[in-house]
A.B. asks: 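Please read through the structure below; I'll follow up with questions.
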Amino acid sequence: MPELPEVETVRRSLARSLTGRRIVAVDVRERRLRTPLRPAELRRRLIGRRIRALGRRAKYLLVHLSDDQIMVLHLGMSGRLAYVARHKPLEPHTHVRVGFDSTKELRFRDHRRFGMLFVVQESHLERHPRFARLGAEPLDASFSPQYLSARARGVRKPVKNFLMDAGVVVGVGNIYASEALHRAGVHPARAAGRLSAARWERLHAAVRETLHGALSAGGTTLNDFRDADGSEGEFQVELRVYGREGEPCLRCSGTVRRVVQAGRSTFYCGRCQR
DNA sequence: CGGGCGGCCTGGAGGC
DNA sequence: TGCCTCCAGGCCGCCC
């Protein structure tokens, strides 16, 4: 569920609390995450280092540390980060605690354990296997309709799946792909390689507007998304098609439908999305 | 080789 | 009421 706006929301809330802090303790309570945690290595590479800044690449949160190190966090589907008082009782599924030179600590919870936490050398980040093949950042200036159109040339897979391909554009997950396609009036099953330049213009704008809107709302909280201070997002009330199967389209008199594409639910209006 | 799909996980919802 | 199945979806490996 955490897509770009949710990860960015967490980044912003964490940056306020963590920037400038020094790591003094790392407690791994469960090492079986998506990538198995290595407690000794984590301690060796994290303890004593200071947090310089918080960044983000795709859905990865980047905690930039002193000495050229980055602590990389991925929330998977159910991951949560919270900066809370050290003495607060542990919530269920708290897998990692990172202590700081303050009275608070960072807690990483993830009941489904799809999340990740590892450390990379900053100068090696772009060569890291999980980063080397990532596509454009949708909110960057380099992301353009021409880029999308060029990457889609000859691609026969549905445009919905194309938008969710992190090798093309990052951060667009299942919810915002449906929302952006609806906003652009593009049918999700249309082959990516068969969209006109005008449609790429609309879709490009729709992706950015959707992500910016969600960001302004602090993300979408459908089940359990929270930022690092525990606040919920508000964008769920602005969703136009996602989760609205059978309900009326908010733009025309059509009905929102649900189909499964590549194993994922897609919501769209069969009337105004062509 | 592009693209679809299953596996990884667990909690919650819905069916019987 | 309780048990079972299904679904949620980011990412990757596998397979056609």
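Since the structure is predicted, the reported quantities are computational estimates derived from the model, not experimental observations. Naming convention: chains lettered A, B, ... in sequence-line order (proteins, then strands); numbering from 1 in each chain. The figures that follow rest on heavy atoms only: side chains count, while hydrogens, waters and symmetry mates do not.
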A.B. asks: Expressed as a whole number of angstroms, how long is the span from A/Asn174:CG to C/dC11:P?
C.D. replies: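 Atom-to-atom, A/Asn174 to C/dC11, this comes out as 12 Å.
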A.B. asks: According to the interplanar angle, ranging from 0 to 90°, do the rings of A/Tyr83 and A/Phe100 count as parallel (below 30°), tilted (30 to 60°) or perpendicular (above 60°)?
C.D. replies: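 It falls in the perpendicular class, over 60°.
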A.B. asks: Could you give the CZ-to-P distance, from A/Phe118 to C/dC12, as a whole number of Å?
C.D. replies: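 To the nearest whole Å, that distance equals 9 Å.
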A.B. asks: Tell me the closest heavy-atom pair linking A/Pro2 and A/Lys59, and the distance in Å.
C.D. replies: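 Taking every non-hydrogen atom into account, O-CD, 3.8 Å.
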A.B. asks: When you check the gap from the basic side-chain N to the acidic O, do A/Arg240 and A/Glu179 get nearer than 4.0 Å?
C.D. replies: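 No salt bridge links A/Arg240 with A/Glu179.
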A.B. asks: I need the CD-C1' distance between A/Glu6 and C/dA8, as an integer number of Å.
C.D. replies: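 The answer, rounded to whole Å, is 14 Å.
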A.B. asks: Does either side chain, that of A/Gln236 or that of A/Thr220, offer a donor lying less than 3.5 Å from an acceptor on the other one?
C.D. replies: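 There is no such pair between these side chains.
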A.B. asks: Quantified in whole Å, what is the P atom distance between nucleotide B/dC9 and nucleotide C/dC3?
C.D. replies: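 Approximately 25 Å lies between the P atom of B/dC9 and that of C/dC3.
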A.B. asks: Between C1' on C/dA8 and CG on A/Leu239, what's the gap in Å once rounded to a whole number?
C.D. replies: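 That distance rounds to 15 Å.
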A.B. asks: Check the surroundings of atom CZ in A/Arg31: do more than 12 heavy atoms from other residues, nucleotides or ligands lie under 6.0 Å from it?
C.D. replies: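 12 or below, so no.
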A.B. asks: With A/Cys249, which of A/Arg257, A/Gln273, A/His182 fulfils side-chain contact (heavy atoms from CB on, under 4.5 Å)?
C.D. replies: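 Exactly one candidate clears the test, A/His182.
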A.B. asks: How is A/Arg151 classified with respect to the nucleic acid when contacts are heavy atoms under 4.0 Å: base, sugar-phosphate, or nothing?
C.D. replies: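 Nothing, no nucleic acid heavy atom in range.
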A.B. asks: Between A/Gly171 and A/Gly263, name the one whose nearest nucleotide on DNA chain C is closer to the 5' end.
C.D. replies: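 Upstream on the strand: A/Gly263.
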A.B. asks: For DNA chain C, what string of dots and brackets results from 5' to 3' when Watson-Crick and G-U pairs need both distances under 3.5 Å, crossing pairs get [ ], and pairs with another strand get |?
C.D. replies: .|||||||.|||||||
A.B. asks: Return the nearest nucleotide to the side chain of A/Ser265; candidates are C/dA8, C/dG10, B/dG3.
C.D. replies: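 The nucleotide sitting nearest to the side chain is C/dA8.
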A.B. asks: Could you tell me whether the side chains of A/Thr103 and A/Arg86 share a donor-acceptor contact shorter than 3.5 Å?
C.D. replies: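 There is no such pair (donor and acceptor under 3.5 Å, judged by atom type) between the side chains of A/Thr103 and A/Arg86.
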A.B. asks: What is the distance, to the nearest angstrom, from the CG atom on A/Leu73 to the P atom on C/dC11?
C.D. replies: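 Taking CG of A/Leu73 and P of C/dC11, I get 14 Å after rounding.
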A.B. asks: Nearest whole angstrom, please: distance from the P of B/dT10 to the CZ of A/Arg109.
C.D. replies: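 Atom-to-atom, A/Arg109 to B/dT10, this comes out as 15 Å.
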A.B. asks: Would you measure the distance from the C1' atom in C/dC6 across to the matching atom in B/dG6 and give it in whole Å?
C.D. replies: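 Each nucleotide's C1' atom is 15 Å from the other's.
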A.B. asks: Nearest to the A/Glu3 side chain among C/dA8, C/dC11, C/dG10, which nucleotide is it?
C.D. replies: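 The answer is C/dG10.
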A.B. asks: Using whole Å, report how far CZ of A/Arg80 lies from P of B/dT10.
C.D. replies: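 Result: 17 Å.
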A.B. asks: Below the 4.0 Å mark, does C/dC11 have OP1 or OP2 next to a side-chain nitrogen or oxygen of A/His74?
C.D. replies: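 It does, given that an N or O in the side chain of A/His74 lies less than 4.0 Å from OP1 or OP2 of C/dC11.
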A.B. asks: If I take atom CG in residue A/Asn161 and atom C1' in nucleotide C/dC11, what distance separates them, rounded to the nearest angstrom?
C.D. replies: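 Rounding to the nearest Å, CG of A/Asn161 and C1' of C/dC11 are 14 Å apart.
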A.B. asks: Counting only side-chain heavy atoms from C-beta out, which of C/dC12, C/dG10, B/dG4 sits nearest to A/Lys157?
C.D. replies: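 The nucleotide sitting nearest to the side chain is B/dG4.
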A.B. asks: Among C/dG10, B/dG4, B/dG11, find the nucleotide with the atom closest to the side chain of A/Pro158.
C.D. replies: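 Minimum distance to the A/Pro158 side chain belongs to B/dG4.
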A.B. asks: In chain order, what residues pass the side chain to side chain donor-acceptor pair (under 3.5 Å) check against A/Arg49, with sequence neighbours excluded?
C.D. replies: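 With sequence neighbours excluded, A/Arg49 shows a side chain to side chain donor-acceptor pair (under 3.5 Å) to A/Asp67, given in chain and number order.
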A.B. asks: Does A/Arg112 make a cation-pi contact with A/Phe114 (under 6.0 Å, within 45 degrees of the axis)?
C.D. replies: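 Judged by the rule (NZ or CZ under 6.0 Å from the ring centre, within 45° of its axis), A/Arg112 counts as positioned above A/Phe114.
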A.B. asks: Can you pull every protein N or O that's under 3.5 Å from an N or O on nucleotides 6-9 of chain B?
C.D. replies:
from: B/dC9; atom 1: O3'; to: A/Arg113; atom 2: NH2; distance (Å): 3.3
from: B/dC9; atom 1: O2; to: A/Arg112; atom 2: NE; distance (Å): 3.0

A.B. asks: Under a plain distance cut-off of 3.5 Å, with no hydrogens placed, do A/Asp68 and A/Ser123 share a side-chain donor-acceptor pair?
C.D. replies: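 On atom types as modelled, these side chains qualify, holding a pair under 3.5 Å.
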